[in-house]
A.B. asks: 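So that we are looking at the same thing, I have put the structure below in structure tokens.
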Amino acid sequence: MKKILLATTFFFALFFTDKLMAQEKRAKILVLIHSDKGGTYEMAKEVAKGIETDGSATAIIKKVPLTDNPNLKDIPVVNISELPAYDGIAFGSPVYFGNISTAMSDFFAQTTNLWLHHELEGMPAMVFMSSGSGAGKELAMQSFFNTLAVHGMVLVTNGIRGNEHIDKSIPQGNTVLGTTSLASLKNVSRPSEGERFLLGEQAKYFGKIALALKGTFTKKSENLSIVETKDINLVLKEKHITLPKVPAPAGNYQPFVRSGNLVFINQYALKDGKLVHPGIVGVDLTEEQVREATKVTMLNIIAVLSDAVGGDLNKVKKCVQLTGIFNAPSPYSDHAKLMNAASDLTVEIFGDKGKHARSTFGASSVPGNSSVEIQAIFEVE
């Protein structure tokens, strides 16, 4: 019986060890896209399938910020800091006048710190693009490659791979640098079957290269976990949170001021032009009423913050500081409990990026007899 038990234990240990080693040998590849009308996303799905064809690599599709296509609402937004944690990156973008898209260009503009610290040097990269009519596709590919070359990435081209197996009676997006899709041509669904085939061949080859180079370049951020970051707009929708209209300033000041990457905001418990639960906690109001007013105030702050980042809350990198000022009599001491309503809402919306430093205190009066005022500082892209 002992021999059987030992043999069984050895078998399962060997099985799980082999499985773990196989997982460690797999390359982890990011498929990073911007997609206006969904064409680049369709291409990305073919790329992901190609990467995972032989089981040697895992593909994760993410998007850069400023992607408004509703079909991409469930695709997580990438964090710049996570890029070095991958073994390779496949980049996809629409062609904009012989260049990469504005959203993709804006994303690369935020990667200076990765460049300064050589974070992407030696990592393999491939490119695919949705090119509309096809005009300027090679120029756009080259502009993409120029940016990646500055980062020191290993540029994996497609050559004429797969060319002999596609239908040449219709225009196809085959370039030596990478696959494109001629999205605006009529009477042929795009990506075409030929373009899908080319994407699969390009991706299979790229997966092999990524696996071969895995471990050969130094990752400066080995401790970074690859976090599935949800689109903040999707979070708001899932949690049924509606941001209010930004209250107009009551004097000669602005709803927010941005200095560098920091945004400074002050707000009261205004809703539809009226104060919510005005008065003094413990005298005119219950704690529950003040907590409700605190939540309203924090929603006003996030609405102002949304304006500060051009409507894209995914640009928020961190809630740095919240300060709560409560209309309270001198014996009152539970200000922190009241402020939890604002802190909890911030973390509920922004996750770990919403965790912040905090200060709370009471005041003998607050302008307009509001029960609460909140001052906030956010770091943004």
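The structure presented is a predicted model; accordingly, all values stated were derived computationally and were not measured. Values reported hereafter were calculated over all heavy atoms of this structure, with side chains retained and with hydrogens, waters and symmetry mates removed. If you read the sequence from its start, that first residue is 1, and numbering goes on from there.
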A.B. asks: Mind checking side chain to side chain donor-acceptor pair (under 3.5 Å) for His151 and listing every partner two or more places apart, or none if nothing turns up?
C.D. replies: Thr111
A.B. asks: Look at atom NZ of Lys168 and say whether more than 12 heavy atoms of other residues, nucleotides or ligands are closer to it than 6.0 Å.
C.D. replies: yes
A.B. asks: Is a salt bridge present between Lys353 and Glu379, judged by a nitrogen-to-oxygen distance below 4.0 Å?
C.D. replies: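 Not counted as a salt bridge, because no side-chain N and carboxylate O are separated by less than 4.0 Å.
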A.B. asks: Look at the side chain of Thr216 and the backbone N and O of Leu213, then say whether any donor-acceptor pair between them is shorter than 3.5 Å.
C.D. replies: yes
A.B. asks: Decide side chain to side chain contact (heavy atoms under 4.5 Å, CB included) for Val150 and Leu148; before the verdict, give the C-alpha distance in whole Å, the side-chain angles of both, and the deciding distance to 0.1 Å.
C.D. replies: CA-CA 5 Å; Val150 170; Leu148 302 179; over 6 Å; no
A.B. asks: Is it the case that more than 12 heavy atoms not belonging to Ile160 sit under 6.0 Å from its CD1 atom?
C.D. replies: no
A.B. asks: What's in the same ILVMFWY side-chain cluster as Phe264, cut-off under 4.5 Å, chained through other members?
C.D. replies: Leu262, Val320, Ile377
A.B. asks: Counting only heavy atoms not in Tyr205, do more than 12 fall under 6.0 Å of its OH?
C.D. replies: no
A.B. asks: State which residues pass salt bridge (charged side-chain N to carboxylate O under 4.0 Å, His left out) with Lys49; sequence neighbours excluded, sorted by chain then number.
C.D. replies: Glu46
A.B. asks: Any side-chain donor-acceptor pair under 3.5 Å between Ser143 and Asn99?
C.D. replies: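 Asn99 and Ser143 do have a side-chain donor-acceptor pair below 3.5 Å.
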A.B. asks: Thinking salt bridges, do Lys295 and Glu292 make one under a 4.0 Å N-O criterion?
C.D. replies: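 No, Lys295 and Glu292 are not salt-bridged.
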A.B. asks: Does a sphere of radius 6.0 Å around CZ in Phe97 hold more than 12 heavy atoms from other residues, nucleotides or ligands, not counting ones at 6.0 Å or beyond?
C.D. replies: no
A.B. asks: Check this for me: does any side-chain nitrogen of one of Asp352 and Lys355 sit under 4.0 Å from a carboxylate oxygen of the other?
C.D. replies: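 Between Lys355 and Asp352 there is a salt bridge, with a charged N closer than 4.0 Å to a carboxylate O.
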A.B. asks: Is Lys271 atom NZ crowded by more than 12 heavy atoms from other residues, nucleotides or ligands, each under 6.0 Å away?
C.D. replies: no
A.B. asks: Between Phe378 and Phe256, does the ring pair (Phe, Tyr, Trp, His ring centres under 6.0 Å) criterion hold? Intermediate values first, please.
C.D. replies: CA-CA 11 Å; Phe378 288 86; Phe256 68 88; over 10 Å; no
A.B. asks: Is any side-chain N of the basic residue among Lys28 and Asp87 closer than 4.0 Å to the acidic one's carboxylate O?
C.D. replies: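 The answer is no: the pair does not qualify as a salt bridge.
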A.B. asks: Could you go through Phe361 and His335, starting from their C-alpha distance and side-chain angles, then the distance that decides it, and tell me whether this counts as ring pair (Phe, Tyr, Trp, His ring centres under 6.0 Å)?
C.D. replies: CA-CA 6 Å; Phe361 56 91; His335 311 84; 8.1 Å; no
